[in-house]
Amino acid sequence: MARLAKLQATSPAEYALLRQAIAHLVLGLGGEDEADTRARIAAYETANGLLTDAQLVEAIAAVLLTEAFNHKNLQAVDGRLANGMSVMAMAAHTGCNTVYGSTAPNNPIPIRWMNSLSRTALPWAG
């Protein structure tokens, strides 16, 4: 919690944004837009008192513990091949993980700076 206090002292705007994000995403106080979210947070705090740093940390810790429990049977294994390549592959809707996080042959275009999300980099077009 000392880091949250330091963030609040050094950058109040960033602290407020982090606090709002946790309240919105983790504590379920998110609204239809930013104004609605702020109104919901204010109503919650009027009824229950101000959200404390301890509550914010507890909320994040609860999410991490839940994720750890849900994935407790997953174990990391050494996936390196003899040539040093990794057998791990990542996937995402946008392709960013493919572009920046994978190696050939999992990445269809092995030169990451030539790759684009739509796979239409000029040198490869045609």
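Count residues from 1 along the sequence. All values below were derived from every heavy atom in this structure, side-chain atoms included, with hydrogens, water molecules and symmetry-related copies excluded.
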Minimal non-hydrogen separation, Ala23 against Leu51, with atom names: CB-CD1, 3.9 Å

Interatomic spacing from CD in Glu58 to CD1 in Ile22 - rounded to 0.5 Å: 12.0 Å

Same cluster (ILVMFWY, side-chain, under 4.5 Å), Leu56 and Leu64: yes

From OH (Tyr15) to CG (Asp53), nearest 0.5 Å: 3.5 Å

Selection residues 3-31 - residue pairs positive for salt bridge (Lys or Arg N to Asp or Glu O under 4.0 Å), sequence neighbours left out: Arg19-Glu45

ILVMFWY network linking Leu27 to Leu18, side-chain heavy atoms under 4.5 angstrom: no

Atom pair CD (Gln55) and CD1 (Ile60), whose distance is rounded to the nearest 0.5 Å: 13.0 Å

Single hit among Thr37, Ile41, Asp36 for side chain to side chain contact (heavy atoms under 4.5 Å, CB included) with Leu29: Ile41

N/O donor-acceptor pair under 3.5 Å between Thr46 side chain and Ala42 backbone: yes

Distance in Å, Gln20 CD paired with Leu17 CG, rounded so as to fall on 0.5 Å steps: 6.5 Å

Residues, nucleotides or ligands: over 12 heavy atoms within 6.0 Å of Glu32 CD: no

